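These notes are about the structure you will find just below.
Computed from a predicted model, the values in this text were never measured in an experiment. Residue numbers start from 1 in every chain, and the chains themselves are labelled A, B, ... in the order their sequence lines are given, proteins ahead of strands. The figures that follow rest on heavy atoms only: side chains count, while hydrogens, waters and symmetry mates do not.
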2 protein chains.
Amino acid sequence: MTVGGVKSARSRAPSRGSDGGRAADPGLGGRAGAGLRGARARAIYVSVLEAILSNRLSPMTRLPEDDLGSIYGASRTIVRSALEALAHDGVIVIEPNRGAFVASPGTAEAREVFDARLLIEPQLAARAAERVSFADIAALRRHLDAEEAAVHGERQQQAILLSGRFHVLMADAAGQVTLARFVRELVSRSSLIVALYWRRRDATCACSAHRALVEALAAGRPELAQQLMRDHLAETLDGLDLTDPRQGVSDLSAALTGG
Amino acid sequence: MTVGGVKSARSRAPSRGSDGGRAADPGLGGRAGAGLRGARARAIYVSVLEAILSNRLSPMTRLPEDDLGSIYGASRTIVRSALEALAHDGVIVIEPNRGAFVASPGTAEAREVFDARLLIEPQLAARAAERVSFADIAALRRHLDAEEAAVHGERQQQAILLSGRFHVLMADAAGQVTLARFVRELVSRSSLIVALYWRRRDATCACSAHRALVEALAAGRPELAQQLMRDHLAETLDGLDLTDPRQGVSDLSAALTGG
DNA sequence: CAAATCGAGATTGTATACAAATTGGCGCAG
DNA sequence: CTGCGCCAATTTGTATACAATCTCGATTTG
């Protein structure tokens, strides 16, 4: 192990402030998949993540590097990078020498995720009500329309995806980048939890709750927004059946190419 | 791009529950650097992280892959993986085609980090006071002793490291794995913030505050623990000077091998 | 003399080759 | 027929080679 001979530490400074001019965002909220360099790895990251978020990939589905590589036309190097980022987000699990699998959170983990959401999201909703711009409100309303359209149009997968993304948009509206990132991770994992433990027929009919939240924001009522978010999350949690184990595997190529 | 010909999706199931028997923890709290596979990448991750947490690596320091590779005797493949994990934690920043740098959070980001900590940590302290085991208390007390020893022994870097780790231990004691992970990230970034904006001479003399917290836990007083944590964080934030810019670069090989 | 340009060196991005580990089947013994 | 152990095939882990990009100094030009 050659330890000596490190001659660098030259004076090339980074572009200050840790966020000097990042590229536009490809569909997700702000700054998804931090730590990813190339655009190719990020594209795979986004694609697989959306497949998971919309329940096209079920928990415990295996994600072999070679398969993903041939699906996306990238080498394993890139796929690997994307998988590690997904693992860091908790949506997949990497078992050393065995491979990557879509995560399958247990009931304890499910409770934890919603505990965390109940702690963070109501607070963010309140702050959002204090600071939102008209542009944010407009974006949220547009999102609500798309969400309802997906629900009424029977586009189940799209509805699930948008329902989760609403919460990310709310978090972003609060202007707290750090907490918003936490919310993004929690929402992602919630998608898996819903896929495993949801028991009601009327999936994601929370559209009305979402709309009420946006109205509270538009009216500039922090306490109301906070309470509405708390209730909404509690009701979602109530719609889960956190008692018995779970199951489920789905096809890979079909799920990823069809979205 | 060859899309077809994906023949797998065979039935190799992952070891359920997403945490089936992980290895012992190398110094940090539970589950540091999720998404890292090999032990070598994790070793580099831990080493660089500790160098940053103890302020042996200053913000904006460049971290060239080749140098890290020769320091640790690993190939760039491994180093790259570790760097991406560190970037995901927000302690380093990767600029495409330019390389990795120790992060240099601005004042806005600093406020955000402490906002998030004020939201999460008091709550976790309260839960910890409800659920701690005697073993947890004992571990915390042992940690306090080490912390005070480092402070009185003038081991400045060690003191900084342990001071941050105390908060991680507290979060772990609450038994909320997810929120504890968030706290770990926030504490890491706080180390950088303290390195940049600390203005007082009596660095990390918060030992007394830490001891008071442990006593509140031992006494099983959730509200007290919550309040103590809130005050402690507020005081720490008060010790920062969040007005002007910052600077600083340090040597690389010395910082990494000297710890 | 200042400023822009070009090129050599250095550093990161990506692919591929090879090594190590795991899986699952097959054969054999009890 | 069941259970154990071994072997082949598949998959992941790691190193290295090459290409693309950036940095920075030297040279040239207005």
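The listed nucleotides are D:dG13, D:dA15, D:dT21; the one nearest the side chain of B:N97 is D:dT21. Proximity note for A:T77 (side chain, C-beta onward) versus C:dT22, C:dA15, D:dT16: the nearest is C:dA15. Nearest nucleotide to the side chain of B:R62, out of D:dT21, C:dT11, C:dT23: C:dT11. The side chain of A:I78 lies closest to C:dT14 when the candidates are D:dT14, C:dT12, C:dT14.
Between the side chain of B:R76 and the base of C:dG13, a donor-acceptor pair under 3.5 Å is found.
At least one side-chain nitrogen or oxygen of B:S75 sits closer than 4.0 Å to the OP1 or OP2 atom of D:dA15.
Residue contacts for B:R40: at a heavy-atom cut-off of 4.0 Å it reaches the sugar-phosphate backbone alone, with no base atom in range.
Between A:R165 and A:E147 there is no salt bridge, since no side-chain nitrogen of the basic residue lies less than 4.0 Å from a carboxylate oxygen of the acidic one. The pair A:E65-B:R37 counts as a salt bridge, with a side-chain nitrogen and a carboxylate oxygen less than 4.0 angstrom apart. Under the 4.0 Å criterion applied to side-chain N and carboxylate O atoms, A:R189 and A:E109 are assigned as salt-bridge partners. Comment: B:E185 does not engage B:R117 in a salt bridge, judged by the lack of any side-chain N to carboxylate O separation of less than 4.0 angstrom.
Rounded to a whole Å, the CG atom of B:D66 is 11 Å from the P atom of C:dA10. In this structure, B:L36 places its CG atom 10 Å from P of D:dT14, rounding to the nearest Å. Protein atom CG of A:L68 is 13 Å distant from nucleotide atom C1' of D:dT11, rounded to whole Å. If you take CD of A:E65 and P of C:dA21, they are 17 Å apart, rounded to a whole angstrom. When the P atom of D:dT23 is taken as reference, atom CZ of B:F101 falls 8 Å away, rounded to whole Å. The CD1-C1' distance, from A:I44 to C:dA15, rounds to 13 Å in whole Å. Distance B:R37 CZ to C:dT22 C1': 15 Å, rounded to the nearest Å. Rounded to a whole Å, the CZ atom of A:R80 is 14 Å from the P atom of D:dT11.
Listed here is the closest heavy atom pair of A:A41 and A:S81: CB-OG, 4.1 Å.
Map A:A74 and A:P96 each onto its nearest nucleotide of DNA chain C; the residue landing nearer the 5' end is A:A74.
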